[in-house]
There are 2 protein chains.
Amino acid sequence: MSTFNIVVLPGDGIGPEVAAAGVSALKAIGEVYGHTFNFEEKLIGGIAIDERNDPYPADTDAACQAADAVLLGAVGGPKWDLQPKRPEQGLLAVRKSMGLFANLRPMDVPASQAFRSPLKEEIVSGADMLIVRELTGGLYFGKQTRTEDRAVDECVYTVEEIERVARVAFEAARKRRNKVTSVDKANVIETSRLWRETVIKLHKAEYADVELEHALVDSMAMHLVTRPKAFDVIVTENMFGDILSDLASVLPGSIGLLGSASLGSGKGLYEPIHGSAPDIAGKDLANPIGTLKSVAMMLRFSLNLSAEADALDAAIEAVIKAGQLTRDLGGTLAGSEVTKAIVAQIHAAKVAA
Amino acid sequence: MSTFNIVVLPGDGIGPEVAAAGVSALKAIGEVYGHTFNFEEKLIGGIAIDERNDPYPADTDAACQAADAVLLGAVGGPKWDLQPKRPEQGLLAVRKSMGLFANLRPMDVPASQAFRSPLKEEIVSGADMLIVRELTGGLYFGKQTRTEDRAVDECVYTVEEIERVARVAFEAARKRRNKVTSVDKANVIETSRLWRETVIKLHKAEYADVELEHALVDSMAMHLVTRPKAFDVIVTENMFGDILSDLASVLPGSIGLLGSASLGSGKGLYEPIHGSAPDIAGKDLANPIGTLKSVAMMLRFSLNLSAEADALDAAIEAVIKAGQLTRDLGGTLAGSEVTKAIVAQIHAAKVAA
Ligand SMILES: [Mg+2]
Ligand SMILES: [Mg+2]
């Protein structure tokens, strides 16, 4: 029996609806497994600009720093398009302040859902991978230089940056199928050679029990489409991870099913991969599953509650399999009805056990 | 009636077989359309190391410089793995010497072949795109720095480098469906901002008749899988082009069907995208279609023979549709039999016209 302090950042658009779904699921887990979750709601994004003229107010930051984990809905929308302050600055600020250097994106295609994929069912059915992307280094954060007719971006990596994200991947693999595929372009660029050397050294020193393979980023883009079932944990640098995780995200045929975690040395931030979808906000149409998958990751990675995480994942899968779905997945239920079904499943599974 | 001087670089493995197929097709085109093709065969790759101790001998270079176009088979193989001189150095040397800055990779999925794709047929059937990749700039050719615990790669682009490859894309679009999708990461990196600005300026000044759209590289990776039919010509920088063209290459379900062109300010080099496949070399099993598609590009881009290029493409498609295929595509024909069928089709089509 434990007590956890969770900061909830509902944000904009459908953010509040899906964040509420996450809170419901955590409450259900708390009741069934005897934990206490304390929730503190804070402002971020567009609504924080509206109410405080700041996409990431100081009290939001203080709460995130003190929390055991942070749950985020979504930020942004056309309402703030013409403003100097951007909702997305809130997202960048919280990531930076919390020191989140690893982004985790699980992608799985249960057999019952393979028909939704753009890939042929026999290729994708049963695929189940976790992409670990370095989030604070590389070309996206390098020095930029510009003259009238020439531009330069610098791509930098240090051993320390590579080691800490590789460690996240190896640890995650031990909780999954024990295999890591490290992706680089070591046949051409220097940062990738350092990446590969560092991953190999760390593997030898501390994770020799985990199966390790290496792939070039261009080959990996092909493999994700031709043999997605061959992978367990994939770890790569920032830009390659951006491209490959977005590529992988279309394989289930709906981004409404996918969650994510961003981890630092301390706490973690959990959010669905979909955006704020202002067109359907407030109509109870939003699919809560991406957020609930993120909550399962929170249980697993930040709160160390593996059995509870498994129970939530199983409840989600049971409800999907039963066809209790929102309209984006061809169902007829409201978002809150899907959440209720999953909460009921959590209770029912515990009774049955 | 014209005369063209073609240098043929058969290279290693199945290279000589597929290069011979290309020569046969050019001879047939010459007979039917009244052109004279003079062929000069030269050494490159592993065989050039064996015979001359140099993967790119001086007389090969002189011939390539003087030719109207160059046809390459393939280079490399395990035989040269433990040597200090590498067959692939021949490929890099010819590209550099000929100043080839644009790599063109067409990818199409005829309805009759969509069943081979890893994508669902309704998504991919009829897709027909051309990826134009900048080949000599960006991160792959930038300054590299390395200390014990830190590595740096520099990504550099100039207006001139961007303009000349964008020009290739716009010109190609005018010969196709008149649309260009320019891919960058302009929301994050400086070289991509220069890329986008330069493409927009050139479009406005010289190619306003061509439809132009922009996509971010991570979104583009998704689009190639979810709506590949939406694209005509795609143009992008070196590394993004490496990843996206390899990703696109798996969509037809066989790399045996794909050709490529590398263009400079003067001549062009044409080659199938497959490798030297030493395991099937000399057995007449190699699929000649990737090379024949490359020859069609040679006719179109270097020799300015559009009608002849269309005739060769049509002959290839007719033979594929008739199921006259090599074993890699589920057929029973030898590579030379497929070539003969395509040559016969070129003659038959002319008689019918
Ligand atoms: Mg992205
Ligand atoms: Mg490649």
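Numbered from 1 within each chain, the chains take letters A, B, ... in sequence-line order.
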May I ask you to check whether over 12 heavy atoms, not counting those of K229(A), lie within 6.0 Å of atom NZ?
yes

Could you tell me which portion of E197(A) (side chain, backbone, both or neither) has an atom closer than 4.5 angstrom to a non-hydrogen atom of chain B?
side chain

Y140(B) versus K185(A), closest heavy-atom pair with distance:
OH-CE, 3.3 Å

Mark yes when over 12 heavy atoms from residues, nucleotides or ligands other than R146(A) sit less than 6.0 Å from its CZ; otherwise mark no.
yes

Can you tell me how far the CG atom of L247(B) sits from the OG atom of S219(A), to the nearest 0.5 Å?
11.5 Å

Is any side-chain heavy atom of R150(B) less than 4.5 Å from a side-chain heavy atom of V156(A)?
yes

Under 4.5 Å from a heavy atom of chain B, the part of S249(A) involved:
side chain

Part of I123(A) within contact of chain B (heavy atom distance under 4.5 Å):
side chain

Nearest non-hydrogen partners of T226(A) and P118(B), listed with the distance
CG2-CG, 4.4 Å

Pick one of side chain, backbone, both or neither for F240(A), based on which atoms fall under 4.5 Å of a heavy atom in chain B.
side chain

May I ask you to name which of T158(A), V159(A), T191(A) has the most heavy-atom pairs under 4.5 Å with chain B?
T191(A)

May I ask you to test the E190(B)-T145(A) pair for a side-chain heavy-atom distance under 4.5 Å?
no

Distance-minimising heavy-atom pair for Q144(B) and I189(A):
NE2-CA, 3.5 Å

Which residue out of V217(A), V188(A), L216(A) racks up the most heavy-atom pairs below 4.5 Å with chain B?
V188(A)

NZ-NZ distance between K120(B) and K120(A), expressed to the nearest 0.5 angstrom:
10.0 Å

Side chains of V225(A) and L119(B): closer than 4.5 Å at any heavy-atom pair?
yes

A quick test of your reading: do over 12 heavy atoms of other residues, nucleotides or ligands sit less than 6.0 Å from CZ of R167(B)?
yes

Any idea which heavy atoms bring L139(B) and C155(A) closest together, and the distance?
CD1-CB, 4.2 Å

Of all heavy-atom pairs linking A151(A) and L194(B), the shortest is N-CD2, 3.5 Å

Answer with side chain, backbone, both or neither: which region of K143(A) has an atom nearer than 4.5 Å to a non-hydrogen atom of chain B?
neither

For M220(A), is it the side chain, the backbone, both or neither that has a heavy atom under 4.5 Å from a heavy atom of chain B?
neither

I'd like to know whether CD of E122(B) has more than 12 heavy-atom contacts from other residues, nucleotides or ligands below 6.0 angstrom.
yes

